[in-house]
Amino acid sequence: MSQAVDRITNLPVEPKSEFVVKVQDINDNEPKFVDGPYLAGVPEMSPLGTMVVQVEATDADDPTYGNSARVVYSIVHGQPYFSVEPKTGIIRTALANMDRESRDQYVLVIQAKDMVGQMGGLSGTTTVTVTLTDVNDNPPRFTHDSYQYTVLESLPLQSVVARIKAADIDIGSNAEIDYRIMDGDGPGMFNITTDEDTQEGVIFLQKTLDFETINSFALKIEATNRNIDSNFLSLGPFSDTTSVKVTVEDVNEPPIFSSPLSQMVVSEDAKMGTSIGRVSAHDPDSLNSAIRYSIDRNTDLERFFNVDALSGVISTAKPLDREANSVHNLTIFAIESRKFPCSMSQSKPLINMIQTISAVDKDEPPNGHRFYYALAEPVATNLNFTLRDNKDNTASILTKRGGFRRREQPVYRLPVLIVDSGSPALSSTNTLSVRVCECDSDGVALSCGAVAYTATGLSTGALLAILGCIITLLVMVLLIVTMRRRKKEPLILEEERDVRENIVRYDDEGGGEEDTEAFDMVTLRNLNVIRDPNVRRDVTPDTPTFFHYPSASRPAYKNLPDNVVFREFIWERLKDADVDPSAPPYDSLQTYAFEGSGSVAESLSSLESLSTDSDQNYDYLSNWGPRFKKLADLYGNSEGASVFS
């Protein structure tokens, strides 16, 4: 509000006026992403242009005035995988079929800029983390084409035989797998289910195994995805197969009676020893061991019956009385019996059972037999074998170590002490012979006979060392002989060698050019006088030369200058060597030390300078300082020169 007032009277001179002031906005605020940073997800293998998320930025400037609050969006980081719509801020996929198994996460940087993105506008950024979610686009795959497992034939029913797994790089429900047996030996013998925690195929045993009937099974297993996406059927099939071989190992099974229950009838007036029936049992193992029979005396306390240990024939042992007891229930034992002596493989491991022994007693105590076994005192503490009482009238012989060798000892003899439970207790000592046998890889004895071994007294290492030394000595002798034979004989005997091949050094300095006494030049000047054409001068000849020069062809050296004489001398010696058939087959170096008579040039020595007539003026040497004073005195004036002379 405003009003004009008289300054003197302070009275209004006009009515009040109202003014409206409007503040014009300027671009002084940048866009801001209130909800950023963003987290978003999109399924892998999505088609091009699939929406991921929408971002939004706000600008505090006046949206009704100018372009200060008009924002456009752009992607700063994240190309070429994603794009953003400039006006709406919607982020979409820019590449089709992005694979989560290759890369499952992307971090995008989105920019919002006001002034419609023009130069000078303000901007703000935010990050968008995009995660590719899994779809079932990968089938399960076994890591091997076949698997092998081994089980004992005594494996109980519903036991786990094996676990196999087909790998699926998908996750969650997309990696769930169902297994089934497509084909295999022994229908209904095995079953397979899925372990929901590990997605493994677990094979169970459903029927009893029998090594003697079938000792191996071949199965074909199929693994299939449980949740198949119809959108990706073209990438299938979403299953895989493998083969599984199950090998059954034999175990020592107890004997089996041909009939678990037998009924026999006998007259009460039967005489003692009358046969009333026979029981039969067999060893189901491949060894087919012999069977020994006995009666459980707890079921026949009064000893009315006996059983033949070998045949299984049951007979009466006492008179029977039907009125006293019309029915007798007997329990018959069938025990595997192995003949002595027992055998043992050289490759048996440590602590291994090699034999089960039993005993027979002709006595018939009321409560049945009870035998106690132990090794006799001399071998009770031996380091090779031990005895274990099985508490069922049998005992087991076990090894205490491994590594038995027939060469060291082929047979071990163990005295076994057996004590019964009678009163008084009786005992006997029986010797068990244990033979060491050669066995194959499966432990089956191949040879247990006596083998003669040669005791050398030396180990294998020592024999190899001795043999190596002998071979080394032979090689050294052979090398020495070969080197001697290959040594070459000299072409010329020592006494025939040219003396000029030997260098003799004399530390005696000659007299120089003026020394005419050190060498007589007359020898060179009169070569035609002393020259013998039949004798070589470079070597000591064995035979005279066959080449003769005509006397007319020889040059005369008497009246020639010294340098010409020497040159002609050299040419003559060269011709002799070239045409001489007795020359040796090697190069011969001839040295002739001869100095000429002088040069046509005058002497360059300064020692004779004072004696020569020269108009050279050396007075300037006096101006060169004290260092050249001596030369100035010698050459600067005639007085110095005369004094020097």
Side-chain angles (χ1 to χ4, degrees), residues 252 254-255 281 283 285 287 289-301 303 306-312 317 331-346 348-406 408-437 439 443 445 448-450:
N252 188 12
D283 183 8
D285 296 323
L287 294 178
S289 302
I291 306 299
R292 297 180 64 89
Y293 302 94
S294 63
I295 297 177
D296 183 1
R297 291 306 175 181
N298 293 323
T299 63
D300 185 23
L301 297 178
R303 302 267 178 167
N306 283 332
V307 62
D308 187 275
L310 299 179
S311 64
T331 299
I332 308 299
F333 289 136
I335 303 174
E336 293 182 15
S337 176
R338 297 183 183 178
K339 297 180 180 180
F340 295 153
C342 67
S343 61
M344 176 185 63
S345 170
Q346 294 186 100
K348 286 293 185 183
L350 186 65
I351 310 300
N352 181 76
M353 189 185 75
I354 60 172
Q355 181 68 45
T356 300
I357 60 175
S358 61
V360 177
D361 193 337
K362 293 184 179 181
D363 294 330
E364 295 181 356
N367 297 326
H369 289 290
R370 175 67 178 94
F371 299 123
Y372 302 92
Y373 299 87
L375 291 178
E377 190 60 32
V379 297
T381 58
N382 76 93
L383 301 178
N384 299 318
F385 303 94
T386 184
L387 183 144
R388 181 182 65 197
D389 194 334
N390 296 327
K391 310 298 182 182
D392 60 353
N393 290 339
T394 64
S396 299
I397 305 298
L398 300 94
T399 59
K400 296 174 68 175
R401 67 176 179 88
F404 289 92
R405 294 290 181 269
R406 298 179 65 195
E408 298 174 358
Q409 186 172 345
V411 179
Y412 295 85
R413 304 189 186 278
L414 302 178
V416 180
L417 176 64
I418 306 175
V419 183
D420 63 15
S421 58
S423 179
L426 300 179
S427 65
S428 67
T429 301
N430 301 267
T431 300
L432 175 66
S433 298
V434 181
R435 290 183 296 175
V436 181
C437 303
C439 303
C448 295

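Keep in mind the model is a prediction, meaning the values are calculated, not measured.
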Which atoms form the tightest heavy-atom contact between [X] and [Y], and what is the distance?
X: Ala334; Y: Pro255; answer: O-CG, 3.4 Å
X: Ser421; Y: Tyr372; answer: CB-CE1, 4.2 Å
X: Arg388; Y: Leu398; answer: CB-CD1, 3.7 Å
X: Asn306; Y: Ala317; answer: ND2-CB, 3.5 Å

Query raised in the report: What do the steps show when you test Asp420 against Arg370 for side chain to side chain contact (heavy atoms under 4.5 Å, CB included), and what is the final call?
Result: CA-CA 6 Å; Asp420 63 15; Arg370 175 67 178 94; over 6 Å; no
Backbone N/O of [Y] and side chain of [X]: donor-acceptor pair under 3.5 Å:
X: Ser289; Y: Glu336; result: no
X: Asp392; Y: Thr394; result: yes
X: Asp389; Y: Tyr373; result: yes

Roughly how far, to the nearest 0.5 Å, is [atom2] of [Y] from [atom1] of [X]?
X: Ile397; Y: Tyr412; atom1: CD1; atom2: OH; answer: 15.0 Å
X: Ile335; Y: Asp283; atom1: CD1; atom2: CG; answer: 13.0 Å
X: Asp308; Y: Ser294; atom1: CG; atom2: OG; answer: 12.0 Å
X: Gln409; Y: Arg435; atom1: CD; atom2: CZ; answer: 14.0 Å
X: Thr386; Y: Asn384; atom1: OG1; atom2: CG; answer: 11.0 Å
X: Leu387; Y: Ser396; atom1: CG; atom2: OG; answer: 8.0 Å

Is the shortest side-chain heavy-atom distance between Val360 and Arg292 below 4.5 Å?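 A side-chain contact under 4.5 Å exists here.
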* Side-chain contact test, heavy atoms from C-beta onward, threshold under 4.5 Å: evaluate it for Thr356 versus Asn390 and give yes or no. =>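 Of all side-chain heavy-atom pairs linking Asn390 with Thr356, at least one is under 4.5 Å.
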Among Thr429, Thr431, Leu375, Val379, which one satisfies side-chain contact (heavy atoms from CB on, under 4.5 Å) with Val416?
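That would be Leu375.
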| side chain to side chain contact (heavy atoms under 4.5 Å, CB included) between Leu432 and Arg413, worked out | CA-CA 6 Å; Leu432 175 66; Arg413 304 189 186 278; over 6 Å; no
| request: Check the angle between the aromatic planes of Phe404 and Phe385 and answer parallel, tilted or perpendicular using the 30° and 60° thresholds. | output: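 Geometry flag for Phe385 against Phe404: parallel rings.
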* Could you please spell out the steps behind the side chain to side chain contact (heavy atoms under 4.5 Å, CB included) verdict for Val436 and Val411? => CA-CA 6 Å; Val436 181; Val411 179; over 6 Å; no
